[in-house]
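Working notes, structure below.
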Amino acid sequence: MTDEKNTAAAPAPSDFIRDIVAQHVAEQRYAKIVTRFPPEPNGYLHIGHAKSICLNFGIAREHNGQCNLRFDDTNPAKEEVEFVESITTDVRWLIAGWADHCLAFKPKGAHPAPVTSNGKPDRYIAPVPPGENTEAFFASDYFDALYEYALELIRRGKAYVCDLSPEDTDKYRGAPDQPGRESPFRNRSVAENLDLFQRMKAGEFPNAARSLRAKIDMASPNVWLRDPLLYRIRHVPHHHAGDKWCIYPLYDYAHCLSDYLEGITHSICTLEFEVHRPLYDWILEALDLPRALPHQYEFAKLMPNYLIVSKRNLLRLVQEKVVSGWDDPRMPTISGLRRRGIPASAVRRFVTSVGVTKFNSVTDIALFEHAIRDELNTAAARRLAVLRPIKLVLTNIPAGESIPCAAVNNPQAENPTTRPIVLTREVFIETDDFAEVPPPKYFRLKPGGEVRLKYACIIKLDEIVKDAAGAITELRCTAQLDTRSGQPNADKKVKGTIHWVSATQCVDAEVRLYDRLFTVPEPAAEPDFIKVVNPKSLEVVQAKLEPSLASAQLEDRYQFERLGYFALDPKDSAPGKLVFNRTISLKDTWAK
RNA sequence: UGCCCGAUGGUGUAAUGGUAGCACGAACGACUCUGACUCGUUCUGUCUAGGUUCGAAUCCUAGUCGGGCAGCCA
């Protein structure tokens, strides 16, 4: 379906993170480059995540490395299996045929195993290729290991159990421009900390009654170093780990150690984690681990205009039924883009083309639209379809006669093939392709004017038939049959060529015309982005299609000539009931 | 008033002390049995002020502007 030619031919991208990786490869610092994509299963993946996926899998791919799909599931209150399933599907779709050989899973149910590294006891979880009895990595599979590491931190005097309430913890933390104060529980003995932490795990204390904290520096100018919490008490079951735990690790503690356990070399995340990096390093260094430590690198997230890219706001669109669901074709979610008919290759090309920097920028959505059109231009089969039909009668063709014509399937192909279509007395043309009072430079059908029916012949408009109310019911024309391909006057030139379908040999279909969801470039900056939803973001029409489209395939992409790119809706289309989504219109430089 | 990060045409990005380039976009033109594609021409840029240097987008200093950080979220 999707043509990989463009992506494959594109030069390997270069950016500051890839430069660092390339240097590490040159130095032979690591045996293998291992990255990871670590979503929290609390929502659907969107175009912003696609950038991270393509970065992480792209780097792995460029160095024969590996990229782990890992669920960062340390907060059971917000997470659901529905999301681990959708995320897995979306990631696999996005990288299919491109980097799936880099995707690493683990045996189903596997946990980190005891190993010996550099002569010292260690823990490691080995990757396997996705397949039977495998699954993605889960941070929650490391809870036992993480607990052991916490015990070790306590023994080393680098962590303590704190009895401060959440409110008091906040107060003691101070402010960015003001140092915090040390917790009164900061200097408990190792024995007491060990005892208390074990009892936290055993469920002896209620939610938030105590926490485990790293002992770092309450006066640090970086607030994340002011004795950050490592564990909190939450008496809730976990979607993956079951009901074994009532203490759950926090992101900063779990993430760096998960990276270590999986042997990640480059842990790539977005800019807001920059201030967390010292903590990431502190935890790993505090444990004196025997293998090479992972390192964190940060880049600016993708922010395209005319879109919202925030789980909270996307959720609102779903909940308030502005869209039909997370996979509504107007949503910037991966599932929405997929349902809309956008090839994964176009998503990849777009997110790669914007580059990787530390500069917060707004990317023009036109860049995405360009990537989509460009991929589809080579991949899509051309077909004739009329969205808003108006009847046209070719008065010199007898009723019942079928004149065979050959239509090109894809002019971009190296050896273009054709398919047969037929011209009949009655055809439909696009309402927009006729104007009784044409504007200047109007190339289409107008009174007394000539136009070519694509792949058929030139016609001349003789008569406009109207009903009693003055509405146009049909256009009567003369077909110049000697201007058909292969006929003596085939080369006759007219300014306009329009598409059409036979009125007697066509199929009906519902066609959904999608447009931008928002009318302003920065909807998220509005007081209420619901107020700037584009009322015309979805228009449904009953279209007439050429007969070959009756057997359209879900995975195929079509260009309805002169209109745009279309694909079958995977949810609502069924045998005998065609539903097409407009992926994107053709570029239109004809100012209306 | 604290700490961290950043700033190159309309947008995104490259140039790693040596000719500011590429893509998107826009405008105009050529071609055209898709007003698409393709091709051609044009458009607009190094945040400011000092300094180092034969030479600065790049290094230094100060400033300006923007983003991030005070969840028992990630």
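Because only heavy atoms are used, hydrogens play no part in the values below, and waters and symmetry mates are left out as well, while side chains stay in. Just so it is clear: chains get the letters A, B, ... in the order the sequence lines come, proteins before strands, and each one is counted from 1.
The same atom, C1', is picked in B/A70 and in B/U64; the two are 26 Å apart, to the nearest Å. Remark: the separation of the P atoms in B/C37 and B/U16 is 34 Å, to the nearest Å. B/U48 and B/U53 have their P atoms separated by 23 Å, with the value rounded to a whole Å. Taking the P atom of each, B/C60 and B/C5 are spaced 13 Å apart, rounded to whole Å. To the nearest whole angstrom, the two P atoms, one in B/A56 and one in B/U42, are 29 Å apart. Nucleotides B/C24 and B/A57, compared at atom P, are 27 Å apart to the nearest Å.
We find that CG of A/N377 is positioned 15 Å from C1' of B/G35, with the value rounded to whole Å. Following rounding to the nearest Å, A/R36 (CZ) and B/A74 (P) show an atom-to-atom distance of 15 Å. Across the protein-nucleic acid pair, A/Y297 atom OH and B/C4 atom P stand 20 Å apart, rounded to whole Å. Between the CG atom of A/D252 and the P atom of B/A70 there is a distance of 11 Å, rounded to whole Å. Rounded to an integer number of Å, the gap from CG of A/D19 to P of B/U13 is 15 Å. A straight line from CZ of A/R373 to C1' of B/A36 spans 10 Å, rounded to a whole angstrom. A/E298 has its CD atom 19 Å from the P atom of B/G67, to the nearest Å. Taking atom CD1 of residue A/I365 and atom P of nucleotide B/C24, one finds them 16 Å apart after rounding to whole Å.
Using a 4.0 Å heavy-atom distance criterion, A/Q178 is classed as making no nucleic acid contact. Here A/T74 lies in heavy-atom contact (under 4.0 Å) with sugar-phosphate atoms only. At the heavy-atom level, A/R452 lies under 4.0 Å from base atoms of the strands shown. At the heavy-atom level, A/A366 lies under 4.0 Å from the strands shown only through sugar-phosphate atoms. In this structure, A/L586 reaches the bases: a heavy-atom distance under 4.0 Å links it to at least one base atom across the strands shown. Here A/K454 lies in heavy-atom contact (under 4.0 Å) with a base. Residue-level contact check: A/Y442 touches the bases, meaning some heavy atom is under 4.0 Å from a base atom. Looking at heavy-atom distances under 4.0 Å, A/N222 makes no contact with the nucleic acid at all.
Side-chain N/O atoms of A/R383 and A/S548 include a donor and acceptor closer than 3.5 Å. Side-chain contact check for A/E369 and A/Y306: no donor-acceptor pair (N or O, by modelled atom type) lies under 3.5 Å. Side-chain contact check for A/Q198 and A/Y147: no donor-acceptor pair (N or O, by modelled atom type) lies under 3.5 Å. Side-chain contact, A/Y172 with A/D227: no donor N or O sits under 3.5 Å from an acceptor N or O.
Ion pairing between a basic and an acidic side chain is recognised when a charged N comes within 4.0 Å of a carboxylate O; A/D482 and A/K492 show no such pairing.
Under the stacking definition used here (centres under 5.5 Å, planes under 30°), the residue A/Y251 fails to qualify as stacked on the base of B/A74. Remark: ring of A/F443 overlaps the six-membered base ring of B/G35 in a stacked fashion, centroids less than 5.5 Å apart, planes less than 30° apart.
One finds no side-chain N or O of A/R382 lying less than 4.0 angstrom from the OP1 or OP2 phosphate oxygen of B/A36. Residue A/K587 places at least one side-chain N or O under 4.0 Å from the OP1 or OP2 atom of B/G25. A close approach under 4.0 Å does not occur between any side-chain nitrogen or oxygen of A/R226 and OP1 or OP2 of B/G2.
Ring-plane geometry between A/F560 and A/F580 is classed as perpendicular, the angle between the planes exceeding 60 degrees on a 0 to 90 degree scale with a lower cut at 30. Note on ring orientation: taking the six-membered ring where Trp is involved, the planes of A/H255 and A/Y251 are tilted (angle from 30° to 60°).
Nearest nucleotide to the A/W224 side chain, out of B/G67, B/A74, B/G2: B/A74. Each of B/A36, B/C3, B/A74 was ranked by its minimum atom distance to the side chain of A/Q412; first place goes to B/A36. Considering only side-chain atoms of A/E561, the nucleotide from B/A70, B/U34, B/C33 that sits closest is B/U34. Nearest nucleotide to the A/D177 side chain, out of B/C69, B/G12, B/U1: B/U1. Ranking B/C4, B/C73, B/U13 by closeness to the A/R232 side chain, first place goes to B/C73. Listed nucleotides: B/C72, B/G25, B/C33. Nearest to the side chain of A/R234: B/C72. Listed candidates were B/A23, B/C69, B/C73. Nearest to the side chain of A/V223 is B/C69.
Nearest-nucleotide mapping onto RNA chain B: of A/N207 and A/L271, the residue sitting toward the 5' end is A/L271. Position along RNA chain B of the nearest nucleotide to A/L164 versus A/S361 favours A/S361 as the more 5'-ward residue.
Under the Watson-Crick or G-U wobble criterion, with both distances below 3.5 Å, B/U48 is paired with B/A62. Nucleotide B/U16: unpaired (no Watson-Crick or G-U wobble partner with both distances less than 3.5 Å). Both distances falling under 3.5 Å, in either a Watson-Crick or a G-U wobble arrangement, place B/C28 opposite B/G40.
Under the side-chain contact (heavy atoms from CB on, under 4.5 Å) test applied with A/I59, the options A/D15, A/I20, A/V356, A/I17 reduce to a single match, A/I17.
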